[in-house]
Amino acid sequence: MVKFMKLLSQIEQNDYEASLEPALLEIEREFGVFLTVHDLRGRLHYGDGSPLLPGRNIHQHPCCMRLRNEMPGWNTNCGEDCFRQTEETANILQKAFIKSCWKGIVEMVVPIFVREQHIITILAGIFRHPDGIPEGANLPRWLHDEYAKLPLFDLKKMEKLSKVLRLIGNGMITWKENALARKELTGRKLQIYQFIEDHAHEAVSLADLSRALGLSSSRTRHLVKELTNRSFKSLIEEERMLRAGYLLQSTGNTLDEIAEAIGYKNCY
């Protein structure tokens with residue numbers, strides 16, 4: 001536990017990139033869980049688009065991953081359950097909750113919100129449901145055997161973990177926002193890039209940025225060009241392409257799912 005607290009302390013001291021993955025591994029050992037980070041909009045990337053947390057966006061436990069892409073319907077069921085339904089519930093509740101998937105696998109879900117935006121979701125598991133695998137799931141014998149080895153959910157322990165994961169999640173967002181500070185952005189230029197960071201996944205226009213800055217559209221257009229030597233549209237496109245590359249590398253999402261996540265109507 002001492003080592004665990006030391007790693008958290010390093011994060012608080014902004015030694016973030018070096019200490020984040022060791023801290024996550026220590027949390028997993030301490031609490032007996034697997035941690036998955038759903039970066040919904042592809043924001044947790046470096047300047048070249050490479051992921052901050054490679055491999056963390058997909059569940060790694062054999063009960064989740066074994067034969068997922070080989071068994072008919074499994075990948076679709078998992079995507080619908082763990083991504084779409086889980087994220088929809090997180091958006092509604094806006095706090096930690098417990099969910100059970102179509103296989104009967106239980107996880108704790110910790111959504112992270114910043115400025116009223118749902119940015120990332122951290123999932124901690126996996127556990128078996130007190131009622132076991134749902135009837136009619138028609139799962140193979142080996143999965144029943146693996147499922148029987150899973151621990152039951154410990155509410156008190158997970159309440160403690162949810163507080164730790166909120167700290168970790170908020171730290172991830174702070175790390176990303178500090179990247180803007182490391183570019184030595186200030187004033188209006190910082191506001192422009194922060195707006196793009198917050199809204200690149202939405203159907204935003206120059207008029208939206210104008211309203212955020214309290215300026216006319218013509219003045220905003222000239223200001224963006226003056227401060228960045230780019231157009232607003234090209235700045236948005238660049239950020240979306242970085243996120244697309246990152247999500248292609250780090251998730252199993254389809255092109256249509258990635259397009260939707262970063263602000264496009266379709267993958268074309």
Side-chain angles (χ1 to χ4, degrees), residues 37-52 57 76 79-94 109 111-121 169-170 172-177 179-180 183 185 187-268:
V37 181
H38 287 174
D39 183 4
L40 307 182
R41 307 299 178 184
R43 294 179 66 164
L44 300 180
H45 63 76
Y46 292 98
D48 62 357
S50 58
L52 171 65
N57 208 44
T76 300
E80 177 66 22
D81 197 306
C82 275
F83 280 94
R84 190 169 299 278
Q85 292 182 14
T86 296
E87 301 308 343
E88 287 177 358
T89 303
N91 269 319
I92 294 170
L93 297 180
Q94 298 191 16
V109 180
I112 306 298
F113 283 78
V114 176
R115 292 185 289 277
E116 300 183 352
Q117 286 195 346
H118 184 192
I119 307 299
I120 60 177
T121 304
N170 287 324
M172 292 178 192
I173 304 304
T174 300
W175 169 84
K176 182 61 180 180
E177 295 192 342
L180 297 177
K183 292 180 180 179
L185 302 177
R188 289 296 198 189
K189 192 172 184 179
L190 175 60
Q191 287 179 297
I192 291 167
Y193 277 98
Q194 187 64 66
F195 180 89
I196 291 170
E197 178 69 27
D198 286 346
H199 301 287
H201 60 281
E202 300 172 350
V204 290
S205 65
L206 184 71
D208 296 303
L209 175 60
S210 301
R211 283 190 288 272
L213 296 179
L215 302 172
S216 68
S217 292
S218 60
R219 174 59 185 141
T220 301
R221 182 181 296 106
H222 289 300
L223 186 65
V224 171
K225 184 68 174 179
E226 176 188 332
L227 294 177
T228 70
N229 201 32
R230 308 274 297 282
S231 68
F232 175 74
K233 183 178 179 180
S234 69
L235 291 172
I236 287 284
E237 291 291 322
E238 180 182 52
E239 178 59 26
R240 285 176 174 174
M241 288 300 98
L242 284 172
R243 295 184 186 190
Y246 156 48
L247 291 173
L248 283 167
Q249 293 179 66
S250 61
T251 74
N253 294 358
T254 66
L255 291 179
D256 281 327
E257 289 169 338
I258 290 173
E260 181 183 356
I262 63 174
Y264 292 115
K265 293 181 180 178
N266 57 61
C267 66
Y268 300 104

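No hydrogens, no waters, no symmetry mates; every other heavy atom, side chains included, goes into these values.
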inquiry  = Working to the nearest 0.5 angstrom, can you tell me the gap between S50 OG and L242 CG?
reply    = 9.5 Å
ask   = Shortest non-hydrogen contact from L44 to D39?
value = N-OD2, 2.7 Å
inquiry  = Could you check whether any side-chain heavy atom of I112 comes within less than 4.5 Å of a side-chain heavy atom of N170, counting everything from C-beta outward?
reply    = yes
message = To the closest 0.5 Å, what do you measure between CD (E237) and CD1 (I196)?
response = 11.0 Å
task = Look up atom CD in E260 and atom CG in N266, then write down how far apart they are to the nearest 0.5 Å.
result = 11.0 Å
inquiry  = side-chain contact (heavy atoms from CB on, under 4.5 Å), that's the test. Do L255 and L248 meet it? Break it down for me.
reply    = CA-CA 8 Å; L255 291 179; L248 283 167; 3.6 Å; yes
ask   = Which atom names give the shortest non-hydrogen contact between H45 and W175, and what distance separates them?
value = O-CH2, 3.6 Å
request  = Evaluate the criterion side-chain contact (heavy atoms from CB on, under 4.5 Å) for residue pair E202 and D208; output intermediate values, then yes/no.
outcome  = CA-CA 11 Å; E202 300 172 350; D208 296 303; over 6 Å; no
task = Kindly say whether I262 contributes a backbone atom to a donor-acceptor pair with the side chain of R41 at under 3.5 angstrom?
result = no
request  = Would you indicate whether the side-chain heavy atoms of H38 and N57 approach each other to under 4.5 Å?
outcome  = yes
note = For E87 and C82, the nearest pair of non-hydrogen atoms, with its separation, is OE2-O, 4.3 Å
ask   = Is there a side-chain contact between L213 and I192, using heavy atoms and a 4.5 Å cut-off?
value = yes
request  = Find the distance between CD (E238) and CE (M241) and round it off to the nearest 0.5 Å.
outcome  = 10.5 Å
request  = May I ask you to test the V109-T89 pair for a side-chain heavy-atom distance under 4.5 Å?
outcome  = no
query = Going from CZ on R221 to CG on L209, what distance comes out if it is rounded to the nearest 0.5 angstrom?
reply = 11.0 Å
query = With a cut-off of 6.0 Å (strictly less than), are more than 12 heavy atoms of other residues, nucleotides or ligands near CZ of R84?
reply = no
request  = Identify the heavy atoms of S217 and L206 that sit nearest to each other, and give their distance.
outcome  = O-CD2, 3.7 Å
message = What verdict does the salt bridge (Lys or Arg N to Asp or Glu O under 4.0 Å) test give for R43 and D198, after you've listed the backbone C-alpha separation in whole Å, the side-chain angles of each residue and the deciding distance to 0.1 Å?
response = CA-CA 9 Å; R43 294 179 66 164; D198 286 346; 3.0 Å; yes
key: Pair listing, ring pair (Phe, Tyr, Trp, His ring centres under 6.0 Å) test, anchored in residues 198-247, at least two apart   = F195-H199
inquiry  = Could you report the tightest heavy-atom contact between H118 and P111, atom names first, then the distance?
reply    = NE2-CB, 3.6 Å
ask   = Just wondering, do N91 and F113 contact through their side chains at under 4.5 Å, heavy atoms?
value = yes
query = Yes or no on side-chain contact (heavy atoms from CB on, under 4.5 Å) for V114 and Q117, after CA distance, side-chain angles and deciding distance?
reply = CA-CA 5 Å; V114 176; Q117 286 195 346; 5.7 Å; no
ask   = When rounded to the nearest 0.5 angstrom, what is the spacing between CD1 in I119 and CE in M172?
value = 13.0 Å
key: Closest contact, heavy atoms only, A244 versus I258   = CA-CG2, 4.1 Å
key: L235 vs T228, side-chain contact (heavy atoms from CB on, under 4.5 Å): CA-CA, chis, key distance, verdict   = CA-CA 9 Å; L235 291 172; T228 70; 3.8 Å; yes
query = Under the 3.5 angstrom rule, does the side chain of T86 hit a backbone N or O of D81 as a donor-acceptor pair?
reply = yes
request  = Can you sort out the partners of R188 under salt bridge (charged side-chain N to carboxylate O under 4.0 Å, His left out), two or more places apart, ordered by chain and number?
outcome  = none
